[in-house]
Amino acid sequence: MNEKRDITSIMIQLGAQAKAAAQDLVNADSQAKNRALRAAGAALRDRAKDLIEANEHDMEGGREKGLSPAMLDRLKLSISRVDRMAQGLEEIANLNDPVGAIIGCWKRPNGLDISRVRVPLGVIGVIYESRPNVTADAGGLCLKSGNAVILRGGSESYNSSQAILAAMQDGLIEANLPTEAIQMVPTIDRAAVGEMLTMSEYLDVIVPRGGKSLVERVQTEASVPVFAHLEGICHTYVTHQSDPEMARDIVLNAKMRRTGICGATETLLIDQTAAGTHLPIILHALAQAGCEIRGDAATQSLDARVVPATDADWDTEYLDKIISVKQVSGLKEAIDHVNAHGTEHTDAIVTDNVDAATTFLDGVNSSIALHNASTQFADGGEFGMGAEIGIATGKLHARGPVGVEQLTTFKYIVRGSGQIRP
């Protein structure tokens, strides 16, 4: 059998099934979708031991491939992480159903009643790498927003994702919804990704979640619209008008809580006037936590543990226990640096000066901008969205965490009483 033709046939079948399921979901009521989500959460808890056993096979494979500690952390499941997935589905169930919500309505002088109403996008393709929890998050968000989804997880998380998929489909069966509403590509062959990128007949949007090479490929090759961010080069800027201990705690959390996530701070910017009061305790805390610090000359002079930063460091997403540090002359230089070297993902300012905070928040081109908070809050769950299907840094349709509302579009409903246009 021709292998490429076989993969093409598999993908066409998945697409056709998803398109049919999406049409069924248009007419599904909120109660059915919520019942499916809660039943899927219960199934995840019931299957926790099986999930962790499947995940251990993936972890063994990841260790054999030499995945970094940060990537292995992304891949790992535990009882608490399985429970968090289940909680995420329950939180999604508790959200208001966006489908059918009236965004606006008005009446024309001729008597026509016009409403703008939220509707599902249709079929969503999600391509992701080592984070198996995306299987539950993406499946749950798509279901809540009335969309069918085709999931293509990475080879390193294949066993874990298949086990999670089984629990998700248990929930669909419990609610008498089509199991084809949440499907997964049943092969790790990379040719399947190429097929997905051109399935415009079946897919309405693609969401890639993974490393730079994956996202670049999707953005370059896709003939389907894409919600994505290429990199998460996130900044935390500390002004001299801030509490040193709060600044230390925020920077430490922003960098070190989980170094492998896209919301981790990669560059610390700090006012030159705060170098003596704030920077030493921040550098000490980072070094004590095992973080490699790459700094400009002024920062190196403060701590012997700081190694020289190169120009490339300001444009690097480390996803590891590494941070670059630069001293700046003030607010304008900080904003200019973020806009020149950032990726419009997530950037934060630590300051007691409200006017300075407002100028920064308005001035950076970030999809998420924070004041006195860790960049690790760049997460749909932390925003009250239940979960997220990804972070989008584009400026069309969706931006920031992509939750249930961002997975809908709208249509105009026009009601008349016999009007004809003159």
Side-chain angles (χ1 to χ4, degrees), residues 14-41 87-106 113-126 134-151 165 168-183 200 202-207 224-227 380-381 383-392 396-415:
L14 288 177
Q17 291 173 167
K19 197 167 185 178
Q23 191 58 46
D24 288 341
L25 289 179
V26 168
N27 299 313
D29 61 29
S30 298
Q31 290 77 15
K33 292 186 288 187
N34 292 342
R35 187 161 64 250
L37 289 164
R38 294 189 176 102
Q87 288 178 25
L89 293 175
E90 291 159 357
E91 289 168 7
I92 294 170
N94 291 333
L95 296 173
N96 292 328
D97 192 337
V99 179
I102 297 174
I103 305 170
C105 59
W106 58 95
D113 284 308
I114 303 176
S115 299
R116 189 163 56 240
V117 180
R118 288 196 185 279
V119 295
L121 289 170
V123 180
I124 297 170
V126 183
V134 175
T135 307
D137 292 349
L141 287 168
C142 288
L143 176 60
K144 180 74 177 193
S145 54
N147 297 288
V149 63
I150 297 175
L151 303 163
L165 175 68
M168 299 298 293
Q169 292 185 333
D170 280 355
L172 292 169
I173 292 169
E174 177 71 22
N176 294 316
L177 294 174
T179 56
E180 295 81 8
I182 304 175
Q183 300 180 93
S200 54
Y202 301 107
L203 293 176
D204 293 282
V205 69
I206 287 177
V207 182
V224 181
V226 176
F227 295 163
F383 279 27
M385 296 177 174
E388 70 184 35
I389 201 171
I391 301 284
L396 296 179
H397 186 75
R399 196 159 200 235
V402 179
V404 291
E405 286 191 3
Q406 291 73 29
L407 294 176
T408 63
T409 183
F410 57 82
K411 67 166 62 173
Y412 290 94
I413 304 295
V414 183
R415 292 183 172 85

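Positions are given from 1 along the sequence.
Contact check for Leu172 versus Ile182: side-chain heavy atoms found under the 4.5 Å cut-off. Using a 4.5 Å heavy-atom cutoff, the side chains of Thr179 and Ile173 are in contact. Between Ile389 and Val126, some side-chain heavy-atom pair lies under the 4.5 Å cut-off. Between Pro120 and Thr408 there is no side-chain heavy-atom pair separated by less than 4.5 Å. Side-chain contact between Val119 and Thr409: present, with at least one pair of heavy atoms (C-beta onward) separated by less than 4.5 Å.
One finds the CG atom of Leu141 at 6.5 Å from the CG atom of Leu407 (value rounded to the nearest 0.5 Å). Distance check, rounded to the nearest 0.5 Å: NZ of Lys144 to CD of Glu405 gives 11.5 Å. Note that the CG atom of Leu37 and the CD atom of Glu174 stand 12.5 Å from one another [nearest 0.5 Å]. In this structure, CZ in Phe227 is found 7.5 Å from CD1 in Ile124, a value given to the nearest 0.5 Å.
Residues that satisfy the side chain to side chain contact (heavy atoms under 4.5 Å, CB included) test with Asp113, not counting sequence neighbours, are Lys107, Arg415.
Both tests do not hold together for Arg118 against Phe410: distance to the six-membered ring centre under 6.0 Å, angle to the ring axis within 45°.
Ring-plane geometry between Trp106 and Tyr412 is classed as perpendicular, the angle between the planes exceeding 60 degrees on a 0 to 90 degree scale with a lower cut at 30.
Judged by distance alone, the side chain of Asn147 and the main-chain N or O of Leu121 form a donor-acceptor pair under 3.5 Å. Under a 3.5 Å cut-off, the side chain of Asp204 and the backbone N or O of Val123 do form a donor-acceptor pair. Under the 3.5 Å distance criterion, the side-chain polar atoms of Gln17 are left unmatched by any main-chain donor or acceptor of Leu14.
Between Leu203 and Gly125, the closest heavy-atom pair is CD2-N, 3.8 Å. Across all non-hydrogen atoms, the minimal contact from Ala138 to Leu151 is CB-CD2, 3.8 Å. In this structure, Ala32 and Leu177 approach most closely via the heavy-atom pair O-CD1, 3.9 Å.
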Exercise answer: donor-acceptor pairs, residues 19-26 side-chain atoms, under 3.5 Å, sequence neighbours excluded:
unit_1: Lys19; atom_1: NZ; unit_2: Glu201; atom_2: O; d: 3.0

Table please: side-chain donor-acceptor pairs of residues 87-97 below 3.5 Å, with sequence neighbours left out.
unit_1: Gln87; atom_1: NE2; unit_2: Asp83; atom_2: OD2; d: 2.6
unit_1: Glu90; atom_1: OE1; unit_2: Arg45; atom_2: NH2; d: 3.4
unit_1: Glu90; atom_1: OE2; unit_2: Arg45; atom_2: NH1; d: 2.6
unit_1: Asn94; atom_1: OD1; unit_2: Arg38; atom_2: NH2; d: 2.8
unit_1: Asn94; atom_1: ND2; unit_2: Glu90; atom_2: O; d: 3.3
unit_1: Asp97; atom_1: OD1; unit_2: Lys33; atom_2: NZ; d: 3.3
unit_1: Asp97; atom_1: OD1; unit_2: Val99; atom_2: N; d: 2.9
unit_1: Asp97; atom_1: OD2; unit_2: Ser30; atom_2: OG; d: 2.6
unit_1: Asp97; atom_1: OD2; unit_2: Lys33; atom_2: NZ; d: 2.9

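Crowding of Ile102 atom CD1: a count of heavy atoms from other residues, nucleotides or ligands under 6.0 Å not exceeding 12.
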